[in-house]
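Keep in mind that the numbers below use all heavy atoms, side chains included, and drop hydrogens, waters and symmetry copies. Please read these numbers as outputs of a predicted model, since none were measured by experiment. When a ligand or atom number is given, it counts from 1 through the structure's own listing order.
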Amino acid sequence: MTASHDSQPLPVTRLKGVGTSVAEKLNKLGIFSVQDVLFHLPHRYEDRTRVAAIGELQNGDVITINGRIDYVDMAFSRNKTSRRMLLCHVSDGTGSLLLRFFHFNKQQQAALQPGKCIRCFGETRLGVNTLEMIHPEYRLTDVKNNSDVEQTLTPVYPSGDGLQQPMLRRLTQQALNLLDQADILPDYLLNNPHAFSLKDALQIVHRPPANADVELLMSGMHPAQQRLAFEELLAQHLGLQLMRKQTRQHASWPLQNANILYQKFEQSLAFSLTTAQQRVVDVLLADLASHQPMMRLLQGDVGCGKTVVAALACVAAIESGFQAALMVPTEILAEQHYQTFKKWFTPLDIEVAWLSGKLKGKKRELMQSRIASGEASIAVGTHALFQEDVTFNQLALVVIDEQHRFGVHQRLALRQKGVRDGRVPHQLIMTATPIPRSLAMTAYADLDYSVIDELPPGRTPITTVVISEQRRDDVMERVRNACASGRQAYWVCTLIEESDVLQCRAAEDTAVLLTEVLPGVRVGLVHGRMKADEKEATMSRFKQGDIDLLVATTVIEVGVDVPNATLMIIENAERLGLAQLHQLRGRVGRGANASHCVLMYRSPLSQLAQSRLAVMRETNSGFVIAQKDLELRGPGEVLGTRQTGLMQLRIADLLRDEHMLDDVKTTAADLLRDHPQNVPPLIRRWLGQGWRYADVG
Ligand code: ADP
Ligand code: MG
């Protein structure tokens, strides 16, 4: 980078085309600096380096074609929505192709005229009589030409609202141009003939040559990616080590436990703790009683009851006159935990506050002032809890739920809120992600580790079935029956798409359709683009039983707890990772009634996809699923680590890259010994902006 070792990273606003509003959108993706742009890697690639003849197309090709529009007509979809579709028939002399548009405006309709030449990029599907492309990207061209194709494979980046792929491509190109050769890895690593310089590796990953092995790239095993993954794991490892060392140098506040308040709390619970919960609570209380800051990871499968364990840890803080904070990754979960905590704590005269990014104005001021004054003993919230304008009075315990959704630096930032007089708060970090122990040691090298390995009594295992979406009618019938007998259901719309706009739109459409098809069933909708209070209102109506069927995007993936919901439908299940499916499925099976999960897929299902869905059908154990996930990973797996849910890494994947872990450890030791001056910039490079918080730690 032009930024040398110790200088501040270049802000992303230095790139052309990035004003305040684009910068804000980039920030949401974790991109603050030019460097972050470079580490925002494509999750797939498209081959636009050649134009295919229509006659050669095969079902499922993702490809560019050139053709002439023969004629255009309008049709109505045959399902109950009877939505208008624009059908555009295109041919190129070798064959013909149907372009199908569900969403189109007047201008588009007017422009798509017979006789016009058109270039399209999209995925072909076998329609009723012919191959078709649904919503291809297209451009009308003057002449039928084959020139101006791309020179490299086209990257497709994970994106957010309002950030289009061309913009992300322009930004990465600019950032690549700014990159210089400042590699931070010591030379001996680079002597390896397979090792690339950082610059070359990034160049390849962002703009693979036309002949690059796409399968290899998609599996993350391309040497260029492995080079980056290695450096990232190294940085992560060094960062965690440093963090542990720094934290251990500080004291915390010893918290008393098992006194009056604690007993009152336990007595007021509607259930008694399981043996596993009790064991973990005992360990936590012992940790908290120490002058050393607790740094403990609590792992427990979905539904095992981590929330109440967290609450008991909070009680220890409150009983000693301190505050506790509970941070969660989504607004929906924050709201739910807030309600749960209020239910538990209000009768004991303990005030709970709530903060989220979308809480604004007077309400926010009020919450902030209750937290600052210490009148609120507990603050529940999203990452909003550690924004600059939030101050605590006496924070002594930080609990982080669903840790895999947060990066290390977010964890640090919240802890930082509690630093006073050289002391740091205790930390409890919770996750449902089942992690083989060896990986846990790496992913959470800075933490002690406990497990809840038991579910509360009286749970009936969830029955899972795998069904083709052609049997959608049967599935809807199932939903009707479940709701008619007083139970509730989720219908999860998933799409692996660059933007969640399409996912939300799919959920909206599904909600409309289900409302029509299932009279008498009260249908609700939640998705990421709704306003916070709309989401909350819907969630609480679902919780109270005023909504029977909740149509949702994956926003409900983590934490949501509605025991009366016993049926879950997941669309496009074959496109999700097993860890994510397991999380989603964990929303049912939370009460005594038998629960069912229907995994719908779109045919044809590959061999690999079949085996993966079979795993879901055969087991409910998160550990078994994680193990199988590892075994079943094959080439062609979606890039990126969100699917594994293990750790917020940019390019490395703990499961995939497990073979490097030993090497990472030795290299880390060598680096610390021989090139200690290279360590801080390496950590900063990969852990980003938030790492500055560690300096005070
Ligand atoms: P998770 O570990 O997935 O966060 P939750 O904390 O949401 O699980 O708990 C799942 C459900 O189990 C909640 O409804 C909770 O009230 C209930 N629960 C927790 N512990 C027990 C217990 N010991 N006995 C009975 N129910 C429990
Ligand atoms: Mg939970």
Which atom pairs, donor and acceptor, lie under 3.5 Å between side-chain atoms of residues 282-289 and protein residues at least two apart or in another chain?
{"residue": "Asp282", "atom": "OD1", "partner": "Gln278", "partner atom": "NE2", "Å": "3.2"}
{"residue": "Asp287", "atom": "OD2", "partner": "Arg296", "partner atom": "NE", "Å": "2.6"}
{"residue": "Asp287", "atom": "OD2", "partner": "Arg296", "partner atom": "NH2", "Å": "3.3"}

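Not one N or O on the side chain of Gln299 forms a donor-acceptor pair closer than 3.5 Å with the backbone of Met430.
For the pair Val302 and ligand 1, the shortest N or O to N or O distance does not fall below 3.5 Å. Between Pro563 and ligand 1, no pair of N/O atoms sits closer than 3.5 Å.
When heavy-atom distances to ligand 1 are checked against a 4.0 Å cut-off, Met430 has no atom that comes that close, whether in backbone or side chain. Of the heavy atoms in Thr274, both backbone and side-chain atoms come closer than 4.0 Å to ligand 1.
Note on ring orientation: taking the six-membered ring where Trp is involved, the planes of Trp253 and Phe322 are tilted (angle from 30° to 60°).
Nearest to atom 3 (O) of ligand 1 by heavy-atom distance, out of Ser272, Ala432, Gly303, is Gly303.
Within ligand 1, the atoms closer than 4.0 Å to a non-hydrogen atom of Thr307 are 4 (O), 5 (P), 6 (O), 7 (O), numbered from 1 in the order shown. The distance from ligand 1 to the heavy atoms of Leu273 drops below 4.0 Å at these ligand atoms: 23 (N). Listed by number with element, the atoms of ligand 1 under 4.0 angstrom from any heavy atom of Gly305 are 1 (P), 2 (O), 5 (P), 6 (O), 8 (O), 9 (O), 19 (C).
Side-chain contact check for Asn620 and His582: no donor-acceptor pair (N or O, by modelled atom type) lies under 3.5 Å.
Between Met568 atom CE and Thr464 atom OG1 the span is 10.5 Å, to the nearest 0.5 Å. A distance of 10.5 Å separates CG in Leu333 from OG1 in Thr382, rounded to the nearest 0.5 Å. The line from CH2 of Trp491 to CD of Glu571 is 5.5 Å long, rounded to the nearest 0.5 Å.
At least one heavy atom of Arg459 sits less than 4.0 Å from an atom of ligand 1.
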